[in-house]
J.: 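One structure, pasted below without further comment.
This one's a predicted model, so the numbers in the text were calculated from it and none came from an experiment. Numbering of ligands and ligand atoms starts at 1, following listing order.
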Amino acid sequence: MMEIRERLIVALDVASMGEGLTLAEKLAGSVGYFKVGMELYYSTGPAIVEELQRRGGKIFLDLKLHDIPNTVGKAAAVIARLGVAMFNVHAAGGREMMRAALEMSREAAAKTGVTPPRVIAVTVLTSINQQVLAEEVGIDRTVEEQVVRWALLAKEAGLDGVVASPLEVAAIRRECGPDFLIVTPGVRPTWAAAGDQKRFTTPAEAVRAGASCLVIGRPITAAPDPAAAAEKILAEMEAGLC
Ligand code: C5P
């Protein structure tokens with residue numbers, strides 16, 4: 001079982017290098033990983049990853065790759081050479097695409113002499129509800145059935161885990177076993193504002209349902225004292241283990 005701090009990922013949802021580094025500095029030592037998403041990465045390029053890592057941070061690069069296998073594989077190799085701890089692809093890209101991401105990132109990491117990143121798959125985005133899944137995407141299964149189907153496909157492709165809503169964690173854990181990584185956004189401690197998160201659970205509930213790591217942004221990053229907010233959340237996560 002990972003140490004509790006290793007299970008907290010803070011979303012650095014800011015648009016500049018300065019803001020990202022200031023936040024990371026306040027949180028150094030409190031959290032396992034920093035999530036660098038599209039906004040920050042596309043604003044700063046790889047420099048933000050390199051700088052955070054130089055200061056000892058571990059990075060989950062959340063760029064959600066989705067393209068033909070050759071293109072995704074080559075992008076995955078570039079990401080692996082950066083030395084990130086974890087990155088993601090869309091399960092909707094299929095088994096071959098996920099395998100290409102995994103194999104080409106491992107190969108590139110080995111050649112560069114860095115630890116191979118964990119590769120996880122995005123299942124059904126939490127912005128997609130049952131109606132959108134059926135009417136717009138054209139999938140007739142329930143959201144939960146589709147999430148589990150994609151999680152099993154990701155596992156079969158050899159990936160380390162998935163990103164999923166806290167509401168589907170228990171079903172994925174049941175089907176994919178104890179070692180499969182489940183990374184969960186949509187988490188709100190009782191004392192924080194929900195913001196635009198509609199389907200969320202508390203840190204204790206998410207851990208209890210079987211989440212491996214929680215992705216939390218604003219309850220920490222917008223708090224007057226981000227490190228204190230992170231410590232409070234870690235205590236709630238610990239409580240979920242009991
Ligand atoms: O600030 P907040 O805690 O809502 O941030 C959650 C982070 O997780 C954001 O970076 C958001 O983009 C991401 N995320 C999410 N829901 C998903 C997938 C990712 O909230 N389904």
Side-chain angles (χ1 to χ4, degrees), residues 7-16 19-20 23-24 26-27 30-44 48-49 52 57-66 84-93 118-130 132-133 137 143-144 146-148 150-151 154 161-169 171-172 181-207 209 211-224 226-227 229-230 232-234 236-237:
R7 300 175 64 178
L8 179 58
I9 303 173
V10 173
L12 294 180
D13 290 330
V14 292
S16 73
E19 287 169 284
L23 257 176
K26 288 184 185 156
L27 289 164
S30 301
V31 304
Y33 300 84
F34 294 115
K35 181 170 89 73
V36 173
M38 292 186 204
E39 184 190 13
L40 184 54
Y41 191 79
Y42 294 147
S43 300
T44 65
I48 184 71
V49 172
L52 287 168
K58 284 190 286 187
I59 307 300
F60 166 26
L61 191 58
D62 178 20
L63 298 181
K64 300 185 176 68
L65 308 185
H66 189 179
V84 303
M86 183 154 71
F87 73 96
N88 56 7
V89 300
H90 270 284
R118 284 167 148 174
V119 188
I120 61 176
V122 177
T123 56
V124 177
L125 293 168
T126 48
S127 50
I128 307 266
N129 64 19
Q130 194 60 57
V132 174
L133 190 70
V137 189
V143 170
E144 184 175 296
Q146 188 60 34
V147 166
V148 168
W150 270 334
V162 287
V163 185
S165 129
L167 304 180
E168 280 99 41
V169 166
I172 299 169
L181 202 67
I182 309 177
V183 175
T184 311
V187 180
R188 281 290 175 274
T190 45
W191 44 267
D196 51 3
Q197 295 285 7
K198 296 204 170 49
R199 304 190 307 146
F200 56 87
T201 58
T202 64
E205 282 163 353
V207 167
S212 318
C213 298
L214 310 188
V215 175
I216 302 185
R218 289 159 293 179
I220 294 174
T221 58
K232 249 168 110 175
I233 288 172
L234 287 166
E236 292 191 33
M237 289 166 68

J.: For Arg218, counting its heavy atoms only, list the atoms of ligand 1 lying under 4.0 Å from any of them.
T.: 1 (O), 2 (P), 3 (O), 4 (O)
J.: Check Leu61, Val14, Leu40 against Ile48 for a side chain to side chain contact (heavy atoms under 4.5 Å, CB included) and give me the one that passes.
T.: Leu40
J.: Are the side chains of Val187 and Glu205 in touch, meaning some heavy atoms are under 4.5 Å apart?
T.: no
J.: Using atom types as modelled and distance alone, determine if a side-chain donor or acceptor of Asn88 lies under 3.5 Å from a backbone N or O of Leu63.
T.: yes
J.: Where's the contact between Ser165 and ligand 1, heavy-atom distance under 4.0 Å: side chain, backbone, both or neither?
T.: neither
J.: Find all atoms of ligand 1 within a distance of less than 4.0 Å from any non-hydrogen atom belonging to Val215, and give their numbers and elements.
T.: 7 (C), 8 (O)
J.: Which residue owns the protein heavy atom closest to atom 19 (C) of ligand 1, what's the atom, and how far is it?
T.: Pro185 CG, 3.8 Å
J.: Rounded to the nearest 0.5 Å, how far does SG of Cys213 lie from CD1 of Ile120?
T.: 8.0 Å
J.: I'd like to check which ligand 1 atoms, numbered from 1 as shown, lie under 4.0 Å from a non-hydrogen atom of Pro219.
T.: 3 (O)
J.: Where do Arg188 and Arg218 come nearest, in terms of heavy atoms and distance?
T.: NH2-NH2, 3.3 Å
J.: At what distance is the nearest protein heavy atom to atom 6 (C) of ligand 1, and which residue and atom is it?
T.: Gln197 NE2, 3.9 Å
J.: Does the N or O separation between Gly217 and ligand 1 drop below 3.5 Å for any pair?
T.: yes
J.: Starting from the C-alpha separation in whole Å, work towards a yes-or-no answer on side-chain contact (heavy atoms from CB on, under 4.5 Å) for Asp62 and Tyr41.
T.: CA-CA 9 Å; Asp62 178 20; Tyr41 191 79; over 6 Å; no
J.: Can you tell me the protein heavy atom closest to atom 12 (O) of ligand 1 and the distance?
T.: Lys35 NZ, 4.2 Å
J.: Out of Val187, Asp13, Ile216, indicate the one that has the non-hydrogen atom closest to atom 11 (C) of ligand 1.
T.: Asp13
J.: Looking at atom 17 (C) of ligand 1, what's its closest protein heavy atom, distance included?
T.: Thr126 OG1, 3.3 Å
J.: Is the closest N or O pair between Lys64 and ligand 1 shorter than 3.5 Å?
T.: no
J.: Are the side chains of Leu133 and Gln130 in contact, using a 4.5 Å heavy-atom criterion?
T.: yes
J.: Please tell me if the side chains of Asn129 and Val143 come closer than 4.5 Å, counting only heavy atoms from C-beta onward.
T.: no
J.: Of the protein's non-hydrogen atoms, which lies at the shortest distance from atom 2 (P) of ligand 1, and what is that distance?
T.: Arg188 NH2, 3.4 Å
